[in-house]
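Scroll down for the structure; my scribbles are underneath it.
Chain A is the first sequence line, chain B the second, and so forth, proteins listed ahead of strands; every chain is numbered from 1.
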Amino acid sequence: MQPQLMMSSSFSVLRVGISFVMMCIFYMSAVDSLPELSPQKFFSTLQPGKTTLAYFCQADFPSTSVFLEELNEADKPLQDYGISVTKVNCVTEETSRYCGSEKNLMKAYLFRGHILLREFPTDTLFDVDAIVAHVLFALLFNEVKYITTLGDLQNTENALKGKANIAFSYVRAIGTPEHRAVMEAAFVYGTTYQFVLTTEIALLQSIGTEDIEYAHLYFFHCKPVLDLTQQCRRTLMEQSLTTLNIHRFIKTMEAPLLTEVAEDPQQVSTVHLQLGLPLVFIVSQQATYEADRTTAEWVAWRLLGKAGVLLLLRDSLEVDFPQNANVVFRRAEEGVPVEFLVLNNIDLIVSRVESNMHIEEMHEDEDNDIEGPDMDIQDDEVAETVYRDRKRQLPLELTVELTEETFNATVTASDSIVLFYAGWQAVSMAFLQSYIDVAIKLKGTSTMLLTRVNCADWSHVCAKQNVTEFPVVKMYKEGENPVSYAGMLGTEDLLKFIQLNRISCPVNITSVQEAEEYLSGKLHKDLVSYSSVSVLGLFSPTMTTAKEEFTEAGNYLKGCVITGIYSEEDVLTLSNKYAVTLPALLLARHKEGKIESISLANVHAQEIVQIITNASLEIFPEITVENLPTYLRLQKPLLILFSDGSINPQHKKAILTLLKEKHLDSLTPCWLNLKNTPVGRGILQAYFDTLPPLPLLAVVNLHSGGQVFAFPSDQAITEQNLLLWLKKLEAGLESHIKILPAQKWKPPLPAYDFLSMMDAATSQHPTRKVPECIKETDVQENDKEQPEDKSEIRNERTGTLRTKHWKRSNWFEEAKKQFRHDNKEL
Amino acid sequence: MGLSAAALLWGLPGLLLIIALHPAFSPCPAQASVPAHRDYCVLGAGPAGLQMAYFLQRAGRDYAVFERAPGPGSFFTRYPRHRKLISINKRYTGKANAEFNLRHDWNSLLSHDPRLLFRHYSNAYFPDAGDMVRYLGDFADRLGLHVLYNTTIAHVTLNKDQRAWNGHYFILTDQKGQAYQCSVLLVATGLSVPNQVDFPGSEYVDGYESVSVDPKDFVGQNVLILGRGNSAFETAENILGVTNFIHMLSRSRVRLSWATHYVGDLRAINNGLLDTYQLKSLDGLLESDLTDLAIVKDHEGKFHVTLKFFLEEGDRSADAVPLPQDDNDNFALRVAYDRVIRCLGWSFDFSIFSKSLRLSAGGELSKKYPLVKASYESKGSRGLFVLGTASHSVDYRKSAGGFIHGFRYTVRAVHRLLEQRHHGVTWPSTEHPITQLASAIIRRVNEASGLYQMFSVLADVVLLGENATAFEYLEEFPMQALAQLETITGRRARHGLFVINMEYGRNFSGPDKDVFFYDRSVGHTEDAWLSNFLHPVIYYYRHLPTEQEVRFRPAGWPLPRPTAIHHIVEDFLTDWTAPVGHILPLRRFLENCLDTDLRSFYAESCFLFALTRQKLPPFCQQGYLRTQGLVGTESLRQHGVESGLLWDYATVGRGDSGQQPGDHGPGQHPLAPGPPVSPFDSNKEEL
């Protein structure tokens with residue numbers, strides 16, 4: 001206190017009072033722990049290797065007080081890390097360069113021994129967290145790598161593959177409590193794991209995190225990665241970034257992924273229980289050990305950081321437990337009995353653990369009326385996307401809106417396409433957008449009038465056109481019956497339909513020369529791109545029945561395939577040229593420049609349609625979202641070559657050769673370009689769990705059994721290898737990598753059970769309020785005492801029951817209200 | 001043969017003359033012994049008779065309408081006495097949907113001709129009765145309906161005959177003795193007999209049917225009106241301003257239609273007297289049983305109210321009769337009246353029907369109506385149907401079956417029944433894939449006028465196909481006849497059904513109810529079952545209910561207890577198209593009844609499912625797999641990705657596969673079938 005008193009005496013009278021108050025503050029805050037030294041004294045106490053944070057201050061400067069308080073508070077935690085904190089008073093006659101002038105009054109310095117490590121402007125050390133974070137950050141310069149770009153991250157990752165794991169964290173800013181938590185963790189674990197830190201949101205986004213509002217910590221499992229091209233597996237820490245959570249998380253990362261045990265689940269103890277995490281035992285038997293272990297590993301990865309996963313070897317187990325149970329669940333809480341469950345897929349196990357966590361959270365804020373699964377959340381992708389898009393203005397004016405008054409006049413006056421839709425129906429509103437896109441593409445080029453009728457307004461118009469569901473597209477052409485469009489509800493296919501309908505099929509070809517132009521694609525140059533084949537029926541002029549059948553087929557295929565008919569006297573020139581007997585079909589494949597011929601003797605229209613439809617299928621198509629249904633109709637297993645980009649010509653050749661040699665007759669060979677059909681990634685992920693290297697060949701047996709077989713990735717896709725593999729497959733020597741789930745599509749969520757709410761309301765007669773309340777609780781109790789085999793369903797429904805319970809009390813309130821109201825009336 | 005040939009020509013108005021001259025119809029006494037035959041005879045060319053004639057005509061049936069007056073709608077030439085109809089003629093709704101607009105058009109009959117809408121006949125919200133007469137005349141003329149005017153059917157009997165459709169013919173005899181033989185008799189004679197109460201002095205009472213409508217005749221008078229219906233209040237309204245006061249006497253308390261939601265109760269447009277009574281302006285309402293009443297006339301010609309049993313005691317000389325005020329000097333009706341007016345409504349005229357028809361009056365509450373089944377067929381004789389106002393016993397004081405805007409639909413239902421019964425034409429229906437179910441229901445509850453007007457009487461029925469992959473949709477079926485659905489419609493209900501009804505809240509309506517109580521409206525979907533205002537209710541039955549189940553249904557329920565029930569929450573705008581508030585809960589209900597997933601999916605999702613699952617959701621099966629998948633546009637895709645319902649596959653696997661946000665497992669689509677949810681059957685076991 002002495003120096004301060006002396007100081008104040010040198011100030012004016014007015015100032016005395018103020019500094020006196022200041023002194024008191026200083027007295028109270030600073031005096032209890034922080035050692036105060038003069039510069040000289042300070043430097044003499046510095047020991048080699050010992051870290052010190054020193055604050056050089058001139059005590060009469062008022063704003064330092066708050067900082068000093070924070071510094072004082074930081075003293076204790078910093079001491080835990082072996083860092084001492086000192087306040088150095090520059091007020092004595094001694095001078096030091098650290099004392100500096102007015103300007104750098106606000107600085108603190110970090111020394112190791114006598115060496116200055118860092119200087120901190122005091123405004124960066126705004127609170128305890130910031131002080132600790134900054135100091136540790138400075139000290140752990142090597143242990144915690146600060147990066148700003150994705151390249152940095154990848155370099156670090158690559159450098160550590162096979163060597164060490166990474167703890168990668170994103171914090172919003174340096175000096176935040178999260179930053180401090182990370183630094184404190186790094187202080188402990190920094191030598192074991194490489195810590196990587198960033199404050200760049202872009203970096204976090206680039207690794208695919210959506211929720212960038214918060215700090216994140218990922219654990220990169222790089223140590224087990226031996227193949228440098230492979231990525232390190234990542235586990236996201238889902239809890240908030242606190243020192244304790246990080247500690248717990250890292251501990252679980254250190255724990256073995258999967259432990260095998262053969263003892264009573266009640267007795268087993270692992271680090272997870274100590275950390276307050278539940279244990280999941282996957283029950284295994286000798287016979288199924290391999291598969292069980294795979295499953296368990298799977299589960300373990302999914303539950304990493306959330307629960308401990310163990311493989312329980314049942315055969316050598318002496319404890320008695322239910323025959324059919326395949327999963328044992330043990331909560332972390334002491335004394336809670338283990339639960340034996342029957343859970344038939346991994347998701348159920350995972351959701352079991354997660355819902356358990358959820359319930360725990362719910363217990364915490366019981367009062368807040370937390371509901372179970374929210375039935376009011378839209379889970380229909382079409383409805384949701386249309387709803388989200390509702391405010392966008394579509395250029396509807398590109399199509400003509402028809403009404404009861406204008407409908408007939410319009411569709412009879414010009415060739416028209418009519419979209420029948422309903423403003424409230426999501427699917428038809430989604431399609432309306434594609435329809436408008438068609439209108440944009442055709443703007444000013446088409447003779448076809450694009451129109452629409454909103455059946456929500458003009459229900460009579462729609463009913464008269466036999467439209468009772470939505471959406472429906474019909475084409476009205478003069479002198480013809482309206483044709484319903486039966487293709488994909490999308491821009492491309494509808495555009496194709498409209499374009500191909502510009503000509504009236506079958507086209508009447510009048511000369512051999514014209515026929516040749518037709519077959520070469522020159523006649524309808526602008527249309528051949530829409531039709532994979534052009535079909536020409538050849539008839540001698542007298543074959544009237546055959547011609548009629550063909551014309552009918554051509555009519556039926558309108559908008560899908562270009563058809564033409566030739567039946568002039570000189571038809572023999574053509575039939576001779578293409579070596580067919582009349583009546584016949586010529587099929588020009590424009591893409592391949594090939595012309596095939598098919599005889600048509602005694603074939604009916606329906607069969608002709610079939611022949612043409614089949615012929616327009618490609619032998620080795622690129623499968624797309626749009627064309628898959630056409631190929632699925634063949635009911636054969638698919639042989640799919642997944643390719644990232646266009647297909648390797650070698651591979652294509654191999655498959656085409658096999659095709660030609662009739663080795664692939666029992667399959668539908670096709671290939672999938674991930675560039676054109678990105679959803680292919682989703683398929684690969686379903687088959688392989690992680691994206692395998694491409695290209696890749698798989699046989700998918702969709703129609704019987706659902707097995708997926710993968711061509712070994714270590715073999716080159718050659719004719720021989722492929723043939724050998726297919727033979728083995730046929731002989732049943734290959735084992736599948738996956739069986740596609742055969743699950744039925746059940747209701748995604750329960751519905752409100754109004755019937756029981758109504759029942760409850762009637763049984764809840766107001767005069768018997770109290771006993772009924774008890775009865776309600778009884779019902780709940782009964783629900784809980786269901787037999788074990790129902791546990792699966794019940795567990796899934798926990799949330800629902802809670803919801804219902806809440807609802808019940810809600811209507812109960814309603815009923816009471818009603819009652820009060822009745823009373824009033826009486 | 002000649003007759004049916006003529007019948008085919010009736011459609012052409014130009015030929016009416018020929019028909020009129022046809023011998024079968026000429027009232028020639030020589031032919032009286034050979035009754036003219038008609039498949040369908042309609043009694044009465046009022047709105048209901050004409051409505052039925054319209055449907056018979058459109059179906060090309062052999063029919064005739066008999067009308068005693070020289071033109072259609074004779075009731076309206078006289079009533080209401082003060083000429084103002086209380087049926088709403090709402091010409092604007094802001095909507096183009098013609099079916100929806102019929103919800104607010106209480107006067108038009110159903111036809112295919114948009115010119116025959118009542119709004120073209122009157123601009124008044126409460127139109128003049130003369131316009132109704134003109135409208136009905138046009139309706140009959142324009143549509144060329146075959147009506148025999150000036151033909152009073154004096155007697156109806158039954159003639160057993162094995163060859164007849166129903167085992168008997170109805171023999172109608174007109175005022176000239178001409179007989180008509182009918183296979184089916186459709187009685188649309190309305191209520192034509194004014195109700196009278198027989199009490200001493202009732203001869204002094206003016207009837208509503210003949211009382212003066214000129215207010216001048218009531219200047220400075222004390223008036224007593226007997227009755228408390230719309231005719232009573234209408235009469236009071238007319239003279240309210242010129243009388244000294246009006247007292248109104250009836251047995252029951254006043255029933256306000258806005259409290260009972262029954263259009264036959266007192267409408268606000270007529271309730272001026274309530275206002276003046278409650279605002280102490282000398283007018284008043286009293287309750288007493290009219291049968292105990294007596295009216296005596298004093299020497300000044302004024303009327304005194306007394307009780308019947310006072311008269312029985314002493315002599316009947318006017319001034320000596322004891323009056324209640326002799327003992328009880330504050331008796332309410334102690335003043336002398338200048339006029340007593342009776343406005344007690346009308347009853348069905350049973351007099352022309354022979355006993356053999358066994359056409360009897362309805363129960364205690366609806367004595368004025370003949371007793372009919374839910375299908376509007378008489379309980380006494382098969383083939384006799386009661387239509388129009390006279391058929392109101394089915395929904396008396398409940399729905400609108402006694403009024404044009406209600407019975408135009410019940411007439412159509414009867415016609416559909418007849419088409420199936422006698423001509424093998426099944427009840428019209430549309431068939432759809434199951435994915436259209438929610439849409440089909442939403443469409444109807446938003447526009448259907450029959451469901452809306454005839455709430456809780458006519459209901460739509462969805463008949464499920466095998467495995468619930470498709471359904472048939474039947475409109476406006478008389479719901480009380482649900483057990484007989486298969487015979488009435490000719491359609492099979494073997495795999496479960498939904499019934500779509502419109503209902504007010506259970507305890508909302510009633511003469512004593514406060515319909516404006518605070519918190520009366522429900523907004524939350526989970527409270528939809530507490531909705532008070534008219535809202536759609538959907539019943540699910542796994543099997544068609546039996547007659548027993550319908551008859552012994554729980555009190556207050558319009559239908560037997562269903563397997564599950566859904567209420568679509570009431571809507572202020574009666575617009576039930578909100579995606580989350582209305583459609584989503586309905587979809588969940590349907591899904592849980594059918595134990596399937598009824599969501600819609602884009603083609604890309606279906607593609608993924610097709611290659612990664614053995615089974616596809618119905619939407620993909622019925623759309624995508626038939627090359628009718630919904631492709632969607634880029635902007636919709638973006639929304640899908642943002643909402644988390646769709647994946648951005650372009651980025652899948654670019655990072656580490658296991659850590660996609662919101663990922664619930666590699667390869668698992670966010671929309672893939674969820675964890676099993678027990679459908680309603682298992683719920684039942686629990687509860």
Side-chain angles (χ1 to χ4, degrees), chain A residues 207-208 210 231 234 236 347 375-376 378 380-385 387-389 424-425 427 430 433-434 457 459-460 468-469 488-490 625 628-629 678-679 681-683 685-686 689-691 706 740-758 793 796 807 814, chain B residues 96-99 430 432 436 439 447 526 529-530 564-565 567 577 579-580 584 588-589 591-592 596-597 599-600 603-604 607-608 611-615 617 625 627 629-633 636 639-640 643 645-646 649-650 652-653 655-657 659 661 665-667 673-678 683 687:
Chain A
I207 68 167
E210 254 183 346
Q231 271 198 324
R234 295 167 189 178
L236 172 67
D347 294 331
M375 298 178 230
D376 289 340
Q378 183 63 269
D380 182 310
E381 59 188 37
V382 181
E384 179 64 15
T385 50
Y387 183 73
R388 282 175 180 245
D389 205 50
W424 48 264
Q425 205 241 8
V427 175
Q433 298 210 356
S434 303
D457 290 336
S459 59
H460 286 189
T468 51
E469 51 194 61
M488 284 281 175
L489 303 176
V625 170
L628 177 71
V679 62
R681 283 180 227 281
I683 294 165
Q685 218 169 49
D689 307 333
T690 50
L691 270 194
L740 301 181
Q743 233 172 317
K744 253 197 78 183
W745 287 76
K746 298 275 185 182
L749 281 177
Y752 292 117
D753 190 353
F754 289 135
L755 194 57
S756 52
M757 293 186 206
M758 291 163 85
I793 291 166
E796 288 305 320
K807 300 275 149 51
E814 283 295 332
Chain B
N97 190 320
E99 176 65 22
T430 50
H432 306 276
Q436 290 281 337
S439 283
E447 69 178 26
E526 67 265 31
W529 65 282
L530 293 164
I565 197 167
H567 290 253
T577 58
V580 172
L584 178 65
R588 297 215 191 283
F589 166 73
E591 282 172 337
N592 281 278
T596 188
D597 184 333
R599 287 177 292 181
S600 41
E604 190 179 75
F607 177 81
L608 178 74
L611 289 174
T612 56
R613 301 183 163 269
Q614 294 193 46
K615 296 200 170 74
L625 281 193
T627 67
L630 178 66
V631 178
T633 60
L636 290 172
H639 285 299
S643 69
L645 288 170
L646 290 178
Y649 288 104
V652 167
D656 185 280
S657 58
Q659 291 300 329
V677 172
S678 45
N683 265 359
L687 293 163

Show, in sequence, the C-alpha distance, side-chain angles and deciding distance for B/L645 and A/D380, and conclude whether the side-chain contact (heavy atoms from CB on, under 4.5 Å) test is met. CA-CA 8 Å; B/L645 288 170; A/D380 182 310; over 6 Å; no
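- A distance of 7.5 Å separates CG of B/L636 from OG of A/S434, quoted to the nearest 0.5 Å.
- When all heavy atoms of A/G682 and B/L608 are compared, the closest pair comes out as C-CD1, 3.6 Å.
- Across all their heavy atoms, A/L628 and B/F607 have their closest contact at CD2-CD1, 3.5 Å.
- With values rounded to the nearest 0.5 angstrom, A/I683 atom CD1 is found 4.5 Å from B/L611 atom CG.
- To the nearest 0.5 angstrom, B/E99 atom CD is 6.0 Å from A/S459 atom OG.
- The backbone N or O of A/A742 lies less than 3.5 Å from a partner atom in the side chain of B/K615, making a donor-acceptor pair.
- Comparing B/E447, B/H432, B/E604, B/Q614 by how many heavy-atom pairs each has under 4.5 Å with chain A, the most go to B/Q614.
- B/R613 has its side chain within reach of A/W745: a pair of non-hydrogen atoms, C-beta onward, lies under 4.5 Å apart.
- Note that CD of B/E526 and CG of A/D753 are 14.0 Å apart. Values are rounded to the nearest 0.5 Å.
- In terms of non-hydrogen atom pairs under 4.5 Å with chain A, the most contact-rich of B/V631, B/T596, B/T633 is B/T596.
- Side-chain atoms of B/N592 come within 3.5 Å of backbone atoms of A/L749 as a donor-acceptor pair (strictly under, hydrogens ignored).
- No side-chain heavy atom of A/L755 sits less than 4.5 Å from a side-chain heavy atom of B/W529.
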Check the pair A/K746, B/D597 against side-chain contact (heavy atoms from CB on, under 4.5 Å), reporting the backbone distance first and the verdict last. CA-CA 5 Å; A/K746 298 275 185 182; B/D597 184 333; over 6 Å; no
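- Counting heavy atoms from C-beta outward, B/L630 and A/V382 have side chains that approach closer than 4.5 Å.
- Atoms CE and CG, from A/M758 and B/L530 in turn, are 9.0 Å apart once rounded to the nearest 0.5 Å.
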Assess the residue pair B/S439 and A/Q425 against the criterion (side-chain hydrogen bond (donor to acceptor under 3.5 Å, both in side chains)); give the C-alpha distance rounded to whole Å, side-chain angles, the decisive distance to 0.1 Å, and a yes or no. CA-CA 7 Å; B/S439 283; A/Q425 205 241 8; 3.1 Å; yes
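- In terms of heavy-atom proximity, B/H639 sits nearest to A/T385 at C-CG2, 3.9 Å.
- Proximity of a side-chain donor or acceptor of A/E469 to a complementary backbone N or O of B/Q436 within less than 3.5 Å is not detected.
- With sequence neighbours left out, B/T627 forms a side chain to side chain contact (heavy atoms under 4.5 Å, CB included) with A/P629, A/T630, A/R633.
- Residues B/R599 and A/Q378 fail the side-chain proximity criterion, which asks for heavy atoms closer than 4.5 Å.
- Judged purely by atom type and a 3.5 angstrom limit, B/R588 uses its side chain to pair as donor or acceptor with the backbone of A/M375.
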Is there a side-chain hydrogen bond (donor to acceptor under 3.5 Å, both in side chains) between B/S643 and A/E384 once you walk through the steps? CA-CA 8 Å; B/S643 69; A/E384 179 64 15; 5.2 Å; no
